[in-house]
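Input: a single structure, listed below in C-alpha cells.
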Number of protein chains: 2
Amino acid sequence: MQIAPHSHAGGHPPATRRLRPALFQGLTTPEMRLVRRVFTEDLYDDAEAVPRDPARAPFVGLLLDGCLREDAVLQGGERLFALTFPGETLSPLGPRRRRGRLSAIGAVQLLTCDRDGFERIAQEVPRLRLNLLGLVQEHLTEAQRWQVLLGRKSASERVASMLNWFHARQGAPAELHLPVTRTELGQMAGLTMETVSRQVRALEKAGVIDLPLPSRVRVIDPGALHSLSGDAQPQRLH
Amino acid sequence: MQIAPHSHAGGHPPATRRLRPALFQGLTTPEMRLVRRVFTEDLYDDAEAVPRDPARAPFVGLLLDGCLREDAVLQGGERLFALTFPGETLSPLGPRRRRGRLSAIGAVQLLTCDRDGFERIAQEVPRLRLNLLGLVQEHLTEAQRWQVLLGRKSASERVASMLNWFHARQGAPAELHLPVTRTELGQMAGLTMETVSRQVRALEKAGVIDLPLPSRVRVIDPGALHSLSGDAQPQRLH
DNA sequence: CGCAAAATTGATGGCTCTCAACCTCAGTGG
DNA sequence: CCACTGAGGTTGAGAGCCATCAATTTTGCG
C-alpha cells in the first residue's frame, strides 16, 4: 500500500471518536495489543480505489480518517450506493458487491486485516468473531433503513433523513461535510439532482440548515431535521 | 415447539431443492451427520410467530417447507418487509430487526440451531462459520437488490421484478404462489395495492402471466418477465 | 479572467397516489 | 341451493408530486 502525504489541514474536522469501534468492542487492553499487531494501516489518495479482488481486498477494515464511497455497477452505469465515514467499518464482501467499486474521497486512512490474519487472531480473541457478525448485521440494518427511505418517504423526508444520518454518523459536528455532488446524493436517495437541490434549499429557507457552500452544511436545528425526516414518532397532541 | 398436523395436500408444490442449502455447502457426509444432531426441526402453524427474543430465537434456521414473513415495526404500523421461501435461511438477528415480527405462512417446517449449539459444532466443522458469514452477506445482497428496485424502478418494473424473483426463488414452478395480499406486495415494493393490482393485470393482459386466482400466478413467459423487470441487459440492436 | 463542472431555478408533463365504486370469492347459515 | 357477508381485488377519475427539459447562476481552478 502506498503512502499519501496529505496533511489534514482544510479537510473536514476529525469525527468525534466513539468510545471504541464496534469491531473492537469488549476487548481488553492486552487483547487490543495483539490485535494491533495483525492490523495494518493503509493510506489512499483521493479517488484511489480500494482493492476488491479476493486476493488483495481487506477482509475487514476500520476507517480511521477520510471517507469512502461504494459505487454499484448495474446495467448501463455506475451509481453511488453508500458512503462510509470515519469510525465505521468495511465488512467482508459477498460475491455481488465485489463487482462494485470502493474508492477514497480525500485522503483516507484505513486499518485493515486480511482473512488469514483475522482467522489467526480470532483463535486467541474469540470475541472478534462475534463483533464481525455484529458488523455485518449493522450493515443489514442500515440497508433496511434505506429500504424504508426509498419505499415510503417523500422527497423532502428523504433529503432530511440523509442529512440527519450523515450528521449523526459524522459525530454531530457544527458543520457537516457532504463529500458528493447533488447528482450522487440523488442516486442514493432515488431522486434527481434537481429535486435534491430544491429540497436542500427548502431546508435552508426554513432555517433548519445553513449553506455557506453547496458541500458544507451547517445544521442549525437538528431537532427539526429529525422530525422532518419522518423517523420521529408522530407528535401526539395533549 | 409444537406439532402442526397439517398435511401438504393443497399447499404449494414442494420447491425444487437446490443441491445443498448454502448453510451446508462444502460439508462432507460425516460432517453432515454431526450437524444433523445439533439442529432440530421446529413446526409452526399458520400465523404462528417464531420467537425473536435472544433466549429462544433460532440463531440460524433453514426453511424446509412453508413460507415465513418478516414484518417490521416502524412508527405507527407494521409493514411486511421480507418473505422467506423453502431452501432459504434465517440468519442471526441484529438488534433492530429483533423488534420486528417473524411468522409462519401456512404450515412451516424449520431446521434450527441455537447459538451454543452452533458454536460447539463450528469447532468441529469450521466451514460452518464461513457459510454463516456467506448467508448474512447473501441477505445484504438481497437488501441491495431491493434498494435498486425501490430507488430506480417504475411500478411496472417493480412488479415484474418481484414476480420474477419469487418465481426463481420458488424454483421456477409452473405456477408460483403469492402467499400475501396486494397490499402487502405493495408494502414490499413501495407501491399502493391499487398500483400493484393494475400492474399485475397488465402483465396478464400482455400474456406474460395467467391469473387463475389472485394468489396463483402461472408464468407463461419467464423471459418477458425478466426483461420487463429492468434487470436485463439493455437490448442492443445489430 | 475564462472555462468547465456543479448547482440552482422555472415550466411542463407523466406517473403514481388517493378516493371511491364495484366486483369476486370463500365461508356461513337458512 | 341460494342469499348474505366480509375480505380482498379490480377499475376509474382526478390531484399531486417528482422527473424532465431548459436556461441561468455559482463554484472551482488554471
Side-chain angles (χ1 to χ4, degrees), chain A residues 10-12 46-47 69 76-80 105-106 149-163 175 177-206 209-218 228 230, chain B residues 10-11 46-47 69 76-77 79-80 105-106 148-163 177-206 209-218 228 230:
Chain A
H12 47 281
D46 184 47
R69 56 179 293 161
E78 283 197 1
R79 311 177 47 71
L80 178 57
I105 302 179
L149 181 146
L150 293 166
R152 297 305 299 177
K153 291 186 180 180
S154 67
S156 61
E157 289 172 331
R158 293 183 197 197
V159 170
S161 294
M162 259 197 308
L163 294 183
E175 187 175 293
H177 182 222
L178 281 182
V180 293
T181 67
R182 298 284 186 265
T183 301
E184 292 164 329
L185 287 177
Q187 290 175 354
M188 288 191 287
L191 299 170
T192 60
M193 88 184 147
E194 292 94 335
T195 301
V196 172
S197 176
R198 273 185 263 263
Q199 298 302 337
V200 169
R201 310 233 64 202
L203 287 173
E204 186 192 21
K205 288 200 183 78
I209 60 174
D210 191 21
L211 277 176
L213 283 177
S215 66
R216 299 191 166 267
V217 181
R218 237 192 290 280
L228 290 172
Chain B
D46 183 48
R69 56 179 292 161
R79 311 179 48 72
L80 178 57
I105 302 179
V148 173
L149 181 146
L150 293 166
R152 297 302 300 176
K153 291 186 179 181
S154 67
S156 60
E157 289 172 330
R158 293 183 197 197
V159 170
S161 294
M162 262 199 307
L163 294 183
H177 183 221
L178 282 182
V180 293
T181 66
R182 298 285 186 263
T183 301
E184 290 164 328
L185 287 177
Q187 290 174 354
M188 287 191 287
L191 299 170
T192 59
M193 95 188 142
E194 293 93 334
T195 300
V196 172
S197 176
R198 273 185 265 262
Q199 299 301 337
V200 170
R201 312 238 56 207
L203 287 174
E204 187 192 21
K205 289 199 183 79
I209 60 174
D210 190 22
L211 279 175
L213 283 178
S215 67
R216 300 194 166 265
V217 181
R218 239 193 288 281
L228 289 172

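Proteins come first, then strands; the chains are lettered A, B, ... in the order of their sequence lines, and each starts at number 1.
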Taken to the nearest 0.5 Å, the spacing of B:Leu211 CG from B:Glu204 CD works out to 4.5 Å

Shortest non-hydrogen contact between B:Gly106 and B:Asp46, atoms and distance
N-OD1, 2.7 Å

Do any of residues 153-163 of chain A sit with a heavy atom less than 4.0 Å from DNA chain D, and if so which?
A:Ser154, A:Ala155

Between the two end axes of the helix from C:dC1-D:dG30 to C:dG30-D:dC1, each built from 5 base pairs, what angle do you get to the nearest 10°?
40°

Name each donor-acceptor pair under 3.5 Å that joins a side chain in residues 192-199 of chain B to protein atoms two or more places apart or in another chain, with its distance.
residue  : atom : partner  : partner atom : Å
B:Thr192 : OG1  : B:Thr195 : N            : 3.3
B:Thr192 : OG1  : B:Thr195 : OG1          : 3.0

Considering all heavy atoms of both residues, which atom of B:Met162 and which atom of B:Ala189 are nearest to each other, and what is their separation?
CE-CB, 3.7 Å

Measure from CD on B:Gln199 to C1' on C:dC17 and round the result to the nearest Å.
13 Å

Test of understanding: with side-chain contact (heavy atoms from CB on, under 4.5 Å), list the residues that count as partners of A:Leu150, not counting sequence neighbours.
A:Arg158, B:Gln147, B:Leu150

Using the side-chain contact (heavy atoms from CB on, under 4.5 Å) definition, which of the options B:Leu203, B:Val159, B:Leu163 pairs with B:Leu228?
B:Leu203

A:Glu184/A:Arg69 salt bridge by N-O under 4.0 Å criterion
yes

What string of B, S and - do you get for nucleotides 2-8 of chain C, 5' to 3', when a contact is any protein heavy atom under 4.0 Å?
-----SS

I want to check one thing: is the phosphate of D:dC18, taken as OP1 and OP2, less than 4.0 Å away from some side-chain N or O of A:Thr195?
no

Return the set of residues passing side-chain hydrogen bond (donor to acceptor under 3.5 Å, both in side chains) with A:Ser161 (not counting sequence neighbours), or none when no residue passes.
A:Lys153

Between B:Gly230 and B:Glu157, the two heavy atoms sitting closest are CA-OE2, 3.9 Å

Regarding B:Gly190, tell me which of base, sugar-phosphate or nothing describes its non-hydrogen contacts under 4.0 Å with the strands shown.
sugar-phosphate

Heavy-atom closest pair, residues B:Leu80 and B:Gln187
N-OE1, 2.7 Å

